[in-house]
Amino acid sequence: MVFESRAIIRLVRCKNLNTPLSLEIMRHLTTFKLIDTVARSRSIRQAAEEVSITPSALHRRIQAFEEEIGETIFERLSNGVRLNAAGELVIHHIRQQLAETDRLKSRLGDLSGVRRGHVSIACSQALTHYFLPDEIAKYRQSFPMVTFDVVVRDHLAAENALVDYQVDLALVFASHQRPEFEVTLVVHQDLRAVMSADHPLAKKEMVGLRECLQYPVVLPTKSFGGRLLLEEAIARTSLVLDPVIESNSFDFLKKYVLKEQAITFQIPIGLPQDGFEKDLVSKEIRPTDITDGFLYFGQKRGRTLPVASARFADQIVQTLAKSFSTV
């Protein structure tokens, strides 16, 4: 550990002195970031705009890298570029190296006492309303130099982002659980009926699916885990699910139920824990009518997280375990 710390300090000193070694490292990291940007946008012109250089300069950087490794990595198309087979191998390596660099920066920050770092997390949309804003704000009170990326993905896309080193952590409802997704914690999430405060069902302690479906139903699209839970429950009955509106925006659905006596559905983590929004209420659904879903939190299997991400992951686990029933 002492040897490792001294080695890191020497690296910092090299960086500060702009030695050939540090310049070489920074040159490769810059090239890696440029290639990653092109791979994501599938366009040299668009990527050049994102990183504020000319397309010709970016093209030369890619060509120089291809010459250095002896392989082309992009197929040139009429409407842009795409990775070829060699490029797919290269981009995986590049993203792994960028992730390791972030981890190193985080450890250097801890070493110097600054406690810098960056945390990236993919999550289900329900997590963006209350839970993650609260958790990130709480974390940044202690570590204000740490920055965050929060991207909304469905469960499968979130796990893919983990595998590709696009994010450090994933917190998703209804996970496919790819082998590469190392699940740290699983918590129960039942589905709640959400309606206006003056809805005929609003004064009931608990509601049944049959009585909910007597009113207009507005639902999230079929890519959402809550919708899947609802359809599975309906399939076990003689009831018919016939939504009047479907949307991929929970904000829209919550606002719409104020316009007529409609009902939508949401999991508890997507609802405020200290009461509900003005003019809206949520009601438990009879457990005999619908089964619970599960929220999965984890990281890429076998990956050592940057310090900031590991610390934030510990905080998330503690909050989830305290707030919800775990599996």
Side-chain angles (χ1 to χ4, degrees), residues 23-106 117-125 127-128 132 147-172 176 178 180-181 221-224 247-249 251-252 299-300 303 306 309:
L23 290 174
E24 183 72 10
I25 292 171
M26 296 309 294
R27 182 179 72 83
H28 277 93
L29 288 177
T30 301
T31 300
F32 283 178
K33 290 176 182 177
L34 293 175
I35 292 172
D36 186 43
T37 303
V38 174
R40 294 183 195 282
S41 64
R42 298 189 177 186
S43 167
I44 290 178
R45 183 172 298 278
Q46 182 178 330
E49 290 177 0
E50 290 183 27
V51 298
S52 301
I53 63 175
T54 64
S56 58
L58 179 54
H59 188 260
R60 287 195 298 272
R61 289 292 289 268
I62 294 173
Q63 281 187 320
F65 178 82
E66 289 176 328
E67 290 173 3
E68 189 172 355
I69 65 171
E71 293 282 349
T72 59
I73 60 175
F74 288 106
E75 295 179 31
R76 274 64 174 179
L77 309 174
S78 59
N79 60 345
V81 296
R82 69 182 176 193
L83 293 167
N84 59 21
E88 293 289 350
L89 293 175
V90 168
I91 202 65
H92 181 77
H93 172 76
I94 283 175
R95 288 171 179 167
Q96 186 175 18
Q97 294 306 307
L98 292 176
E100 286 300 312
T101 301
D102 286 341
R103 176 171 169 256
L104 174 60
K105 288 179 180 177
S106 180
H118 184 74
V119 182
S120 56
I121 182 167
C123 65
S124 298
Q125 188 181 143
L127 280 298
T128 63
L132 277 180
T147 57
F148 281 80
D149 275 341
V150 179
V151 293
V152 177
R153 297 284 186 270
D154 63 37
H155 43 274
L156 184 57
E159 292 177 33
N160 289 339
L162 277 181
V163 173
D164 287 343
Y165 292 91
Q166 296 177 36
V167 297
D168 305 320
L169 304 166
L171 182 55
V172 290
H176 274 260
R178 288 183 55 172
E180 301 94 334
F181 183 17
T221 54
K222 294 187 177 182
S223 62
F224 291 93
S247 174
N248 65 352
S249 168
D251 284 331
F252 171 80
Q299 66 176 80
K300 177 180 171 62
R303 180 183 174 187
S309 298

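Worth knowing before you read on, the calculation uses all heavy atoms, side chains too, and leaves out hydrogens, waters and symmetry mates.
- Closest approach of V163 to H92, counting heavy atoms only: O-CE1, 3.9 Å.
- Two residues are said to be in side-chain contact when any heavy atoms from C-beta on lie closer than 4.5 Å; V150 and C123 meet this criterion.
- Minimum heavy-atom separation, A122 to V172: O-CG1, 4.4 Å.
- Here the CG atom belonging to D36 is positioned 4.5 Å from the CD1 atom belonging to I91, to the nearest 0.5 angstrom.
- Across all their heavy atoms, I35 and F74 have their closest contact at O-CZ, 4.0 Å.
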>> Run T54 and S56 through side chain to side chain donor-acceptor pair (under 3.5 Å) and show every step you take.
In response: CA-CA 5 Å; T54 64; S56 58; 3.3 Å; yes

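- For the pair F32/R95, no side-chain contact is recorded, criterion being any heavy-atom separation below 4.5 Å from C-beta on.
- Other residues, nucleotides and ligands place no more than 12 heavy atoms under 6.0 Å from the CZ atom of R42.
- Applying the salt bridge (charged side-chain N to carboxylate O under 4.0 Å, His left out) test to residues at least two apart or on different chains, none of the pairs has a partner in residues 151-163.
- The environment of CZ in R40 is crowded: more than 12 heavy-atom neighbours from other residues, nucleotides or ligands sit within 6.0 Å.
- From R178, atom CZ reaches atom CG of L156 across 7.0 Å, with rounding to the nearest 0.5 Å.
- Atoms CG and OG1, on L171 and T128 in that order, are 11.0 Å from each other to the nearest 0.5 Å.
- From T37, atom OG1 reaches atom CD1 of I44 across 12.0 Å, with rounding to the nearest 0.5 Å.
- The two residues L83 and E88 come nearest to each other via the heavy atoms CB-OE2, 3.9 Å.
- In this structure, L162 and K300 approach most closely via the heavy-atom pair O-CD, 3.6 Å.
- The minimum heavy-atom distance linking H118 with D149 is given by the pair NE2-OD2, 3.2 Å.
- For E75, the salt bridge (charged side-chain N to carboxylate O under 4.0 Å, His left out) criterion is met by R82, not counting sequence neighbours.
- Under the 3.5 Å distance criterion, the side-chain polar atoms of N84 are matched with a main-chain donor or acceptor of A86.
- Not one N or O on the side chain of Q125 forms a donor-acceptor pair closer than 3.5 Å with the backbone of V152.
- Within 6.0 Å of atom CD in E71, 12 or fewer heavy atoms from other residues, nucleotides or ligands are found, so the atom counts as exposed in its surroundings.
- Residues R303 and D168 are in side-chain contact: their nearest non-hydrogen atoms beyond the backbone lie under 4.5 Å apart.
- Proximity of F65 to L34: side-chain heavy atoms (C-beta onward) are nowhere separated by under 4.5 Å.
- No side-chain heavy atom of F148 sits under 4.5 Å from any side-chain heavy atom of L132.
- Remark: L58 CG to T31 OG1 distance equals 10.0 Å, nearest 0.5 Å.
- In this structure, S249 has no side chain to side chain donor-acceptor pair (under 3.5 Å) partners at least two apart in sequence or on a different chain.
- Rounding to the nearest 0.5 angstrom, the gap separating the CD1 atom in I121 from the OG atom in S309 is 9.0 Å.
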